[in-house]
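For reference, the structure discussed in these notes is given below.
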Amino acid sequence: MCLAVPGKVVSILDEGDAALRRAVVDFAGVRREVSLAFTPEAKPGDYVMVHVGFALSVVDQAEAQKIFQYLAEMGEQLELGPEGSP
Amino acid sequence: MKFVDEYRDEQAAARLAALIRRRVTQPWTIMEICGGQTHTILKSGLEDLLPAEITLVHGPGCPVCVTPVELVDRAVAIAEIPGVIFCSFGDMLRVPGSRRSLLEAKARGADVRIVYSPLDAVRLAQAHPARQVVFFAVGFETTAPANAMAVWQAARMGLENFSLLVAHVLVPPAIEAILSSPQCRVRGFLAPGHVCTVAGYQEYERLAERYRVPIVVTGFEPVDILEGVLMAVTQLEEGRAEVENQYRRSVRREGNRQAQEIVREVFQPSDRAWRGIGVIPLSGLELREKYRRYDAATRFPTADSPREEAHECIAGLVLQGLKKPPECTAFAVRCTPETPLGAPMVSSEGACAAYYHYGRREAAS
Ligand code: SF4
């Protein structure tokens, strides 16, 4: 029930009253209207985590990359065997 | 899908598992709180990737599962009142009540509808002014802002035919209940990433310190969960007990302030019974005085009928991580998703459903 799905903000609807602000969000090709009441900072091109029709956060794309950079670095070490453990 | 697919990458998962193997020197039991995480673990076979020293136990993070049978019974009774449109998330429909589930009530003629968002229920109330629309507000901190917003909007529109049957629960009091049990063998926690997206994790810092237990705020995909386990194991091996945030792409320490504000405006903490576990102080939410007229429980007083639950169901123990589903004698025999005896077998976040669907039918070691 706590499922939240990332989608890309395509466009923002009814600017004005922050509590009723909505956006069109694209989920891998499926578009839905989502409330931006809790993420007024979201703008087109951002990814938002959506739960029961509300965007709960804007995805921090730099943070999202970090684990893969780390694993790429570690990968070489891991393939070298058990020495040099972090 | 971006921010999903890459976190399911098998090579990344294998590397994380290798890092965990390197770091672990002794047995550790770690609990993932959220049923969504339980499903990922079972579905992706993450336990097979982990070294034998690590035991994952599944926590109470399934709001549908912990909704007391009395509340399910009340939902059914309200749904059966002529003229009521009863709205719920789909998960709740097949949860067994004492006499019947919402789905069975629907089959007998009650107007029970599945909605995607609580705002859909508000729209139904607008569209049917002569009917009473009731929304079954089940969920953790993640769902509370949406449900609070529905009440707030209904109040602003002056809708008099909309109400909530509130069944909200909070995560930190449940973690504390687990930690203060003498049977507790959990040494580290993966905290639920979407709950913390809303609520932040300051409250978990007090728990980590008080109970000397590492808590890692964790996401829901295989790479997230393995990184969360790696972070928890690293802390345990180093003798640290802190709150760390694996799910940095969504969670900030202070959480989402706008979301917290609307929850505080509409709800206040209250004592709550958890199905199979019992009453946990201040572990639920109720409507504040100002919004009490949107409370379906007062709007539709229903007589309490005798409650009945399957004796064989050990959902309470499963939800506290004390037993795994295959240890239940009814599991996959008398209790299946088609003939459920308990909520964890029908909820999409229930541990019993996860074991059933992903073929883990043998009793875990
Ligand atoms: S398998 Fe069914 S009866 Fe057993 S604990 Fe799970 S829900 Fe209850």
(request) For B:E244 and B:Q235, test the side chains for any donor-to-acceptor distance below 3.5 angstrom and give the result as yes or no. (result) yes

(message) Taking B:R8 first and then B:E221, would you say they form a salt bridge - that is, a charged N and a carboxylate O separated by under 4.0 Å?
(response) yes

(message) If we define contacts as heavy-atom pairs under 4.5 Å, which of A:A37, A:A28, A:A64, A:S35 has the most with chain B?
(response) A:A64

(message) Which atoms of B:Y7 are under 4.5 Å from chain A, going by heavy atoms: the side chain, the backbone, both sets, or neither?
(response) both

(request) Could you tell me which of A:G29, A:G53, A:G7 has the largest number of non-hydrogen atom pairs under 4.5 Å with chain B? (result) A:G53

(request) List the atom of B:W274, the atom of B:A174, and the distance in Å for their closest heavy-atom pair. (result) CH2-CB, 3.4 Å

(request) Heavy-atom distances under 4.5 Å only: say whether A:K8 touches chain B with side chain, backbone, both or neither. (result) neither

(message) Is B:Q153 close to chain A through its backbone or its side chain, or both, or neither, when contacts mean heavy atoms under 4.5 Å?
(response) side chain

(request) Please flag which part of A:V5 lies under 4.5 Å from any non-hydrogen atom of chain B: side chain, backbone, both or neither. (result) side chain

(request) Under 4.5 Å heavy-atom distance to chain A, tell me which part of B:V223 shows up: side chain, backbone, both or neither. (result) side chain

(message) Please classify the contact between A:V34 and chain B as side chain, backbone, both or neither, with a heavy-atom cut-off of under 4.5 Å.
(response) neither

(request) Examine B:F135 together with B:F89 and report whether their ring centres are nearer than 6.0 Å. (result) yes

(request) Flag the pair B:H194 / B:F220 as yes when their ring centroid distance falls below 6.0 Å, and as no otherwise. (result) yes

(message) Could you check whether A:D26 pairs with A:R31 (Lys NZ or Arg NE/NH1/NH2 to Asp/Glu carboxylate O, under 4.0 Å)?
(response) yes

(request) Tell me yes or no: between the side chains of B:E265 and B:Y291, is some donor less than 3.5 Å from an acceptor? (result) yes

(request) Just give me the residue among B:R252, B:Q246, B:R257 that pairs up with chain A most often, heavy atom to heavy atom, under 4.5 Å. (result) B:R252

